[in-house]
Amino acid sequence: MPKTYDPASTEPRLIQDWIEGGCYQRSKGVGDCTVVIPPPNVTGMLHMGHAMDDTIQDTLVRFNRMRGVSTRWILGTDHAGIATQTKVDKHLKEQGISRLEIGRERFVDACQDWRREYGGIIVEQIKRMGCSIDFADEKFTMSPEYARAVRKVFCDWYHAGLIYRGKRIVNWCPSCTTAISDDEAEYRDEPSHLWHLRYPLAEPVDGIDYITVATTRPETMLGDTGVAVSPEDPEKAKLVGHTVMLPIVNREIPIFSDWHVDKDFGTGFVKVTPAHDPNDFAMGAAHDLPQINVFDEHAVVVPGYGEFSGMDRDQAREAIVDWFDEHGLLDHIEDIEHSVMHCYRCDSALEPWLSEQWFVAVDKLKGPATKVVEDGEVTFYPERWKQTYLTWMENLKDWCISRQLWWGHRIPVYYCDDCGWEDALMEDVDTCPSCGGHHVRQDEDVLDTWFSSQLWTFATQGWPERPEEMEGHHPTTVLVTARDIIALWVARMIMSSLYFTHEVPFHDVFIYATILAKDGSRMSKSKGNGVDPMQLIDTYGADAMRFNLLTLVTNNQDVRFDAVTAKDGTITSARTDASRAFVTKIWNASRFVLMNMEGYTPGPAEAATPEDAWMLSRLAKMVGRATSDIEAYDLGDYARSLQTFFWNDLCDWYIELCKGRLLHGAAEERLQVQRNLAFVLDSSLRLLHPVMPFVTEAIWDAMPASGLDGEPHDGRFLMQAAWPDPASVSPFENDGAEHDFEIARRVVELVRSARARYRLSPKEELDVCVKVSADDAAVIESQASFVRGVGRVGSLEVGQDVAKPEGSVSFVDAGMELYVVLGGLVDLAGERARLEKELAASRKDLAGVERTLANPGFVAKAAPQVIEAKKARQADLATTIAQLEAQISDLG
RNA sequence: GGGCGAUUGGCUCAGGGGUAGAGCACAUCCUUCACACGGAUGGGGUCGCUGGUUCAAAUCCAGCAUCGCCCACCA
């Protein structure tokens, strides 16, 4: 093995080997683990959220593959309608090309080119992360096969009456000239004004000849068809039933009362514009008011409004306010904070606009989709997201699915201009099936991107034409995704899957923490606080990034990622750096083991020494813990506990303890150590593999067979090797051995502490005496070689009646008194100070324990084990205090 | 407005009714033949605030504060 591990050269080679070895394709086995990747948009590059998502999925898939479960991880990308169209539009604009000039067909071709390029990049990035997903079988939400599935869904729902066309207020983006769904719109508070406008009454009432309405949208007054007041506003009740004469347009409109109105806001009079406000639309519908659209698709005032026609909404606002002012009808202007909806793509202010749209009626879909989550057929991890889902489902309104875009699935509805026939069809037509006429046209709109991605779990698996492909792989096992698309995507997948496949799309939904920038804000391009996962991989290697990400998988909603990108573009992340150090540690420890394998033949691990028994016990518990952690999606604990195990137990102690036998031991002894090390290392690599596939695979390739399965590795990959079986290693669990080891380890630590305090050379052997109970003395004696070797101890005297030697420093710890002989170097004042500090701490602890024990309530109500533990602690502390006092007085 | 989460050492985070943890950073020592991306030894925190439940609260509950996210709404 090379002295240093180089991720940059190793990772690409392994990816190639794995793919050539067919390791990424679906595996056969017992049970099923099918996962669909949340398809990234073809618009861009992988970001940290994807890196997190894909690392989690890969860890789960690799784990299951190793466990012998049949795995299938499905790759694909999303055409991402608006997002892609906007990017391509911009791209073309830079070349001086307008999409309107080149037309729909050529524009869609340009989108396809874009998708091939960027879809390819993102797939390469997924590959580079080490994701063991089937790259040979890539799906796309606009592939011909997928398009047929989308079309079938539309047609079936259309014919079942679940899809209908209707006039609705939609959030219209005048710049993208498309409707934006509520879920895609972004609200932002902005300083604005509340204009108080006077509307003259048609006939004065009790001497009042005008009322004042307050509005943030004066330009929409051209479309006003009523004025509303609150039913709880007695002062204004007398005006209800009267009319006002709308200025400028001279339209006589009624005053009515409606619960939408808050009597304490503004003036208590609300101008009602059904065509330009969702609430007004609702009020208008309830009170039978006309809907008058005053804007065209670009938010320009339509003809018929004199000087105002042809103005855009901003110009119109100014002109109309001026008009009111000139005519003495502008009461006053008030400054307010006002939240304005913006297009999530182009950031233009959205216009509530009345238009013809397609909708999915959700009434019949939401019931079943609610039930499966309530019943636990679909389980959310962490559990709290269940409530988020249910609340959203409860408040669900019909879903506007039409988009006025060119890039997307075109709505398969055909109209005959000759006879008025209309239908949704699976095949294109140019002749009217009803009248035989040739004036048949297809609907111009395309479908909301989520309409196609809601089919992702089954349309990627042969539905509807090859249902056999789904057998055993649907419902999928787990969906790993971000919390912000629980409503947009997760819920819709559940609804459509239940309808079309009669089963849930997945059993588990795992929601990971949102990755925030170091300052706690969302990573965003505009803020420039984002971190590029590819750059992290360049700097630290994919394993280090993956490991760090997995340690951040906790119950939290969001986590801060500590990486910072400097002005010169270099990236630093303390935690990823530490993860890289762990990768290096794994490499070096393995290198040491493999450098000392001469004469090795595979054979079973055995607890030949106390430290062997300890190590094998620790390993057995680690296997159990790693397995149950991953099964419970507790991936952060899986990663962190493995790191502690490998670094602290295996490297810091066991390998050090093996050196004596390995380098100088007799042949038989040596062979057993080799077998134990091979067993522990092999097991550890397998446990680590799901999160750190590269370094573990690279090492495994160089390793001989271990006692774990006895098979030589030639031509085999670790990623296809068996996950260690918790049941078969559990006989190694040995609490007694662990306890004994702790005692010996403590002796070594105390010797080291003395050495550090007196700055003694690590080469120099120290003489040590330990005064302990007879039982513990035997325990230490049995591990004398370990204590001598690792502690660099010369003579070691252990017993009940050991006396403190001349010129030694003493330690008191848990019933143990330990003396390290220094030979006249003792710093009496320093020792006294140290012992007194410990004494003070012990006394304080004892006082606390005694206070608890003196509490009658505690003795009466606490669990017996707790009381026992307290009493034992009391005894220990009392002994320690007595010993410390004796030592201090001994110092003179 | 509704909901959710966070608040633990300088930083990023675990933990979670009964002796406060890790990594990084810091201090001292060590280039001993796996590893200086290392080893050893240390210093450092009344677990946001106020109440409550309990024999016992950093941990459970309530309120508050601050930060963040989601949903809804705003004439």
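Here is the naming used below: chain letters follow the sequence lines, and residue numbers restart at 1 for every chain. If you're wondering where the values come from, they're calculated on a predicted model, not measured in any experiment.
Residue A:Arg755 is out of contact with every strand shown, counting any heavy-atom pair closer than 4.0 Å. Within 4.0 Å of A:Leu194, counting heavy atoms only, lie sugar-phosphate atoms of the nucleic acid but no base atom. Within 4.0 Å of A:Val866, counting heavy atoms only, lies at least one base atom of the nucleic acid. A:Thr388 comes within 4.0 angstrom of no nucleic acid atom, judged by non-hydrogen atoms across all strands. Residue A:Ala578 is classed as a sugar-phosphate contact, given heavy-atom separations below 4.0 Å to backbone atoms only. Note on A:Trp647: only backbone sugar-phosphate atoms sit closer than 4.0 angstrom, heavy atoms only; bases stay farther off. Using a 4.0 Å heavy-atom cutoff across all strands shown, A:Arg580 reaches at least one base atom of the nucleic acid.
Under a cutoff of 6.0 Å and an axis angle of 45°, A:Arg546 and A:Tyr540 do not form a cation-pi pair.
In this view, A:Glu394 satisfies the salt bridge (Lys or Arg N to Asp or Glu O under 4.0 Å) rule with no residue, not counting sequence neighbours. Applying the side-chain hydrogen bond (donor to acceptor under 3.5 Å, both in side chains) rule to A:Ser573 yields the partners A:Asp562, A:Thr576; only residues at least two apart in sequence or on another chain are considered. Looking at residues two or more places apart in sequence or on another chain, you find a salt bridge (Lys or Arg N to Asp or Glu O under 4.0 Å) between A:Asp637 and A:Arg625. For A:Arg575, the salt bridge (Lys or Arg N to Asp or Glu O under 4.0 Å) criterion is met by no residue, not counting sequence neighbours. Taking the side-chain hydrogen bond (donor to acceptor under 3.5 Å, both in side chains) definition, one finds that A:Asn556 meets it with nothing, sequence neighbours left out. The salt bridge (Lys or Arg N to Asp or Glu O under 4.0 Å) search around A:Asp280 returns none, not counting sequence neighbours. Listed by chain and residue number, A:Lys659 satisfy the side-chain contact (heavy atoms from CB on, under 4.5 Å) test with A:Glu656 (two or more places apart in sequence, or in another chain).
For the pair A:Asp577 and A:Val213, nearest-nucleotide mapping onto RNA chain B gives the more 5' position to A:Asp577. Map A:Tyr5 and A:Leu760 each onto its nearest nucleotide of RNA chain B; the residue landing nearer the 5' end is A:Leu760.
B:rG5 atom C1' lies 17 Å from atom OH of A:Tyr512, rounded to whole Å. Rounded to whole Å, atom P of B:rA14 lies 19 Å from atom CG of A:Asn648. Protein atom CG of A:Leu766 is 17 Å distant from nucleotide atom P of B:rA40, rounded to whole Å. Atom CD1 in A:Ile485 sits roughly 12 Å away from atom P in B:rC71 (whole-Å rounding). Rounding to whole angstrom units, CG of residue A:Asp484 and P of B:rA72 are separated by 13 Å. To the nearest angstrom, C1' of B:rA56 lies 12 Å from CD1 of A:Ile867. Residue A:Asp876 contributes atom CG, which lies 11 Å from atom C1' of B:rU19 at whole-angstrom precision. What separates CZ of A:Arg792 from C1' of B:rC30 is a distance of 13 Å, to the nearest Å.
Note on ring orientation: taking the six-membered ring where Trp is involved, the planes of A:Trp653 and A:Phe786 are perpendicular (angle over 60°, cut-offs 30° and 60°). Note on ring orientation: taking the six-membered ring where Trp is involved, the planes of A:His332 and A:His196 are parallel (angle under 30°, cut-offs 30° and 60°).
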For nucleotides 61-66 of chain B, give me every protein contact, N/O to N/O, under 3.5 Å, one pair per line with atom names.
none

For nucleotides 31-35 of chain B, which of its nitrogen or oxygen atoms have a protein nitrogen or oxygen under 3.5 Å away, and what is each distance?
{"from": "B:rA34", "atom 1": "O3'", "to": "A:Arg591", "atom 2": "NH2", "distance (Å)": "3.4"}
{"from": "B:rA34", "atom 1": "O2'", "to": "A:Asn588", "atom 2": "OD1", "distance (Å)": "3.3"}
{"from": "B:rA34", "atom 1": "O2'", "to": "A:Arg591", "atom 2": "NH2", "distance (Å)": "2.8"}
{"from": "B:rA34", "atom 1": "N7", "to": "A:Lys659", "atom 2": "NZ", "distance (Å)": "3.2"}
{"from": "B:rA34", "atom 1": "N6", "to": "A:Cys651", "atom 2": "O", "distance (Å)": "3.3"}
{"from": "B:rA34", "atom 1": "N6", "to": "A:Glu656", "atom 2": "OE2", "distance (Å)": "2.9"}
{"from": "B:rA34", "atom 1": "N3", "to": "A:Asn588", "atom 2": "O", "distance (Å)": "3.2"}
{"from": "B:rA34", "atom 1": "N3", "to": "A:Ala589", "atom 2": "N", "distance (Å)": "3.1"}
{"from": "B:rC35", "atom 1": "OP1", "to": "A:Lys3", "atom 2": "NZ", "distance (Å)": "2.9"}
{"from": "B:rC35", "atom 1": "O4'", "to": "A:Asn588", "atom 2": "ND2", "distance (Å)": "3.3"}
{"from": "B:rC35", "atom 1": "O2'", "to": "A:Asn588", "atom 2": "ND2", "distance (Å)": "3.1"}
{"from": "B:rC35", "atom 1": "O2", "to": "A:Lys585", "atom 2": "NZ", "distance (Å)": "2.7"}
{"from": "B:rC35", "atom 1": "N3", "to": "A:Lys585", "atom 2": "NZ", "distance (Å)": "3.0"}

What does nucleotides 41-48 of chain B look like as a protein-contact string, B for base, S for sugar-phosphate only, - for none, at under 4.0 angstrom between heavy atoms?
-> SSS-----
With the sugar-phosphate defined as primed atoms, P, OP1 and OP2, and the base as all remaining atoms, what B/S/- string results for nucleotides 7-13 of chain B, 5' to 3', for protein heavy atoms under 4.0 Å?
-> ----SBS
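Two rings, from A:Trp587 and A:Tyr5, have their centers less than 6.0 Å apart. Two rings, from A:Tyr381 and A:Tyr633, have their centers less than 6.0 Å apart. The ring of A:Phe547 has its center closer than 6.0 angstrom to the ring center of A:Phe582.
To the nearest 0.5 angstrom, A:Met703 atom CE is 11.5 Å from A:Thr696 atom OG1. Within the model, atoms CE of A:Met221 and CG of A:Leu197 stand 7.5 Å from one another, a figure rounded to the nearest 0.5 Å.
Using C1' as the reference atom, B:rU32 and B:rA40 are 12 Å apart when rounded to the nearest Å. B:rG17 and B:rC61 are spaced 11 Å apart, taking the P atom of each and rounding to whole Å. Here, B:rC24 and B:rG39 have their P atoms 8 Å apart, quoted to the whole Å. If you take atom P in B:rU28 and the same atom in B:rC33, they sit 24 Å apart, rounded to whole Å. Using C1' as the reference atom, B:rG44 and B:rG23 are 15 Å apart when rounded to the nearest Å. Distance noted for atom P between B:rC47 and B:rG18: 15 Å (whole Å). B:rA58 and B:rU8 are spaced 7 Å apart, taking the C1' atom of each and rounding to whole Å. Spacing between B:rA36 and B:rG21 at atom P, rounded to whole Å, works out to 30 Å.
Remark: RNA chain B forms stems of 3 or more consecutive Watson-Crick or G-U wobble pairs, all pair distances under 3.5 Å, at B:1-7 with B:65-71, B:10-13 with B:21-24, B:26-30 with B:38-42, B:48-52 with B:60-64.
Proximity of A:Asp649 to A:Thr644: side-chain heavy atoms (C-beta onward) are nowhere separated by under 4.5 Å.
Other residues, nucleotides and ligands contribute at most 12 non-hydrogen atoms within 6.0 Å of the CD atom of A:Glu383.
Contact detail for A:Leu549 and A:Phe561: the closest heavy-atom pair is CD2-CE1, 3.8 Å.
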